[in-house]
Amino acid sequence: MEKLESIDKLKQVLKKEIIEEVLDILRDEIEENLADDFIHRVEQAELRAKEGAISQYTSEEFKRKFL
């Protein structure tokens, strides 16, 4: 019985480590691949705002378009 409990604990630890590793890989991918694009889009939005080319949304329009 103790061996089964020990094996179950080992499986849980291993599963946790695998999930953490996968999450780390995904975070790295997001930082490497999306960060530059996101920063560029924010910079473009800032430029448009400075030039007065901004849009106003109601909360419902904003939710439909962005969420």
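The figures that follow rest on heavy atoms only: side chains count, while hydrogens, waters and symmetry mates do not.
Residues passing the side chain to side chain contact (heavy atoms under 4.5 Å, CB included) test with I18, sequence neighbours excluded: L14, V22. Scanning for side chain to side chain contact (heavy atoms under 4.5 Å, CB included) contacts around I19 gives K15, L23, with sequence neighbours left out. Qualifying side chain to side chain contact (heavy atoms under 4.5 Å, CB included) partners for E46, counting only residues two or more places apart in sequence or in other chains: V42.
Between atom NZ of residue K11 and atom CG of residue L4 there is a gap of 8.5 Å, rounded to the nearest 0.5 Å.
You'll find the side chain of I25 reaches within 4.5 Å of the side chain of E21, heavy atoms only.
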